[in-house]
Amino acid sequence: MISSDEGKQIASMNVENRALQSLGGSSDPVYQMVAKTVKQLHPDDGVLVDVGCGSGRLWSFVSDAYGGKLRINRYIGVDVVRYADLPAEIEFIPFDLDIGKAPLPDGFADVICAVETIEHLENPRAFVRELVRLTKPGGLVIVTTPNQLSLLSKLTLILKNQFNAFQEAPGLYPAHITALLEIDLIRIFIECGLSKIQIDYTNSGRLPFTPWHWPTSLGFGGRAFSDNILCVGQKN
């Protein structure tokens, strides 16, 4: 249990410091899941905005999903800091995602992706409303976050009274501050006017309290055995 003084100190950490704790990236299965969704649901050319882009790793996975032949005309990364390993050729917009509107016009993007970003922010509903504002009618909004309903997360909650990805540990709290359930994501998407909502999972998850992962070759996947979840919806 943290003291009140420790809590005030954590609260005073600026958003740049919290962002840097994430190291600007996630695991390969998360990016693969997002790239698969983009390929399946948006086969045409267009503009992709990567909100909370970190080091920009999503771009290479989207390219690989199309066999190295890019089907996105323009890729823009948005984040509160520019990470040192973000490729120089990526168009970058610095912006604090907890404050106001991004400096982009309404209906700008065909696809908006927020990969492992929403859990770092103070107001998930305001954040998704901003993603929807930036999306063209018929465009996609894709959000991923830690899966609180995995077996690992549930056991950690039972034994430690904390969700696994929100424990006080390097790269977790206070970098991760907002835990969302699958139903929360669906409700937020509906509230923000998105339709055709789908849920997907990485099918990659760590065995509880070990460094090993569930063997996918034996059929371990889905909600119970995935560390991360994806929610996608279409703007009406």
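Fair warning: this is a prediction, and the values are worked out from it, not measured in the lab.
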Before giving the answer on side chain to side chain contact (heavy atoms under 4.5 Å, CB included), spell out for Ser195 and Ile197 the whole-Å C-alpha distance, their side-chain angles and the decisive distance to 0.1 Å.
-> CA-CA 5 Å; Ser195 61; Ile197 298 166; 5.8 Å; no
Between Arg206 and Pro211, is any pair of side-chain heavy atoms under 4.5 Å apart?
-> no
Nearest 0.5 Å please: distance from the CG atom of Leu121 over to the CD atom of Glu130.
-> 11.5 Å
Please answer whether the main-chain N or O of Phe225 pairs with a side-chain N or O of Ser150 as donor and acceptor at a distance below 3.5 Å.
-> no
Can you find a heavy atom in the side chain of Phe166 that is under 4.5 Å from one in the side chain of Ile177?
-> no
Taking the side chain as C-beta and beyond, is there a heavy-atom pair between Asp98 and Asn123 under 4.5 Å?
-> no
Spacing of OG1 belonging to Thr145 relative to CG belonging to Leu230, to within rounding of 0.5 Å | 10.5 Å
Applying side chain to side chain contact (heavy atoms under 4.5 Å, CB included), run through Glu191 and Arg187 and close with a yes or a no.
-> CA-CA 6 Å; Glu191 291 167 12; Arg187 287 170 175 168; 4.1 Å; yes
So, do Val38 and Ile142 sit near enough that their side-chain heavy atoms are less than 4.5 Å apart?
-> yes
Give the minimum heavy-atom separation between Ser204 and His213, together with the two atoms involved.
-> OG-CD2, 3.7 Å
In Å and rounded to the nearest 0.5 Å, what is the CG to OG distance from Leu58 to Ser26?
-> 10.5 Å
For the residue pair Val78 and Phe92, what are the closest heavy atoms and their distance?
-> C-CE1, 4.3 Å
Here the gap from Ile229 atom CD1 to Gln148 atom CD, rounded to the nearest 0.5 Å, amounts to 9.0 Å
Could you state whether Leu151 and Phe209 fall into the same hydrophobic cluster, counting links through intermediate Ile, Leu, Val, Met, Phe, Trp or Tyr residues with side-chain heavy atoms under 4.5 angstrom apart?
-> yes
Are any side-chain N or O atoms of Asn236 and backbone N or O atoms of Gly138, one a donor and one an acceptor, separated by less than 3.5 Å?
-> no
Report yes or no: do Ile118 and Ile199 belong to one cluster of Ile/Leu/Val/Met/Phe/Trp/Tyr joined by side chain heavy-atom distances under 4.5 Å?
-> yes
Measuring from Met33:CE to Asp28:CG, what's the distance to the nearest 0.5 Å?
-> 12.0 Å
So Tyr31 and Phe61, would you call those rings parallel, tilted or perpendicular, with 30° and 60° as cut-offs?
-> parallel
Would you name the heavy atoms of Arg133 and Lys235 that are closest together and state the gap between them?
-> O-NZ, 3.9 Å
Would you say Ile76 and Asp50 make side-chain contact, with heavy atoms under 4.5 Å?
-> no
Side chain Ser226, main chain Asn203, donor-acceptor under 3.5 Å = yes
Can you name the nearest heavy-atom pair linking Glu119 to Thr144, along with the distance?
-> OE1-O, 3.9 Å
Compare all side-chain heavy atoms of Pro124 with those of Leu180 and state whether any distance is below 4.5 angstrom.
-> yes
Parallel, tilted or perpendicular: which fits the ring planes of His120 and His176, with parallel below 30° and perpendicular above 60°?
-> perpendicular
Check whether any side-chain heavy atom of Val232 sits under 4.5 Å from a side-chain heavy atom of Val141, and report yes or no.
-> no
Any donor and acceptor pair, going by atom type alone, linking the side chain of Thr37 with main-chain N or O of Ala35 inside 3.5 Å?
-> no
Using atom types as modelled and distance alone, determine if a side-chain donor or acceptor of Lys196 lies under 3.5 Å from a backbone N or O of Gln234.
-> no
Ala114 backbone acceptor or donor facing Thr117 side chain under 3.5 Å = no
Indicate if Phe220 and Trp212 have the same hydrophobic cluster label, given that clusters are the connected sets of ILVMFWY residues with side-chain heavy-atom separations under 4.5 angstrom.
-> yes
Test side chain to side chain donor-acceptor pair (under 3.5 Å) applied to Asn147 and Tyr201, step by step | CA-CA 8 Å; Asn147 174 24; Tyr201 307 93; over 6 Å; no
Check the hydrophobic clustering (I, L, V, M, F, W, Y; side-chain heavy atoms under 4.5 Å; chains of links allowed) and say if Leu181 and Phe189 are grouped together.
-> no
Can Leu207 and Leu152 be said to form a side chain to side chain contact (heavy atoms under 4.5 Å, CB included), step by step?
-> CA-CA 7 Å; Leu207 282 158; Leu152 170 62; over 6 Å; no
Tightest non-hydrogen contact, residues Leu86 and Cys53, listed as CD1-SG, 4.4 Å
Can you measure from CZ (Arg125) to CD1 (Ile188) and round to the nearest 0.5 angstrom?
-> 4.5 Å
Side-chain heavy atoms under 4.5 angstrom apart, residues restricted to Ile, Leu, Val, Met, Phe, Trp, Tyr: same cluster for Leu157 and Tyr173?
-> no
Side chain Ser63, main chain Trp59, donor-acceptor under 3.5 Å | no
Contact summary for Val49 and Ala109, nearest pair of heavy atoms = CG2-CB, 3.6 Å
Under 4.5 Å between any side-chain heavy atoms of Thr156 and Ser153, yes or no?
-> no
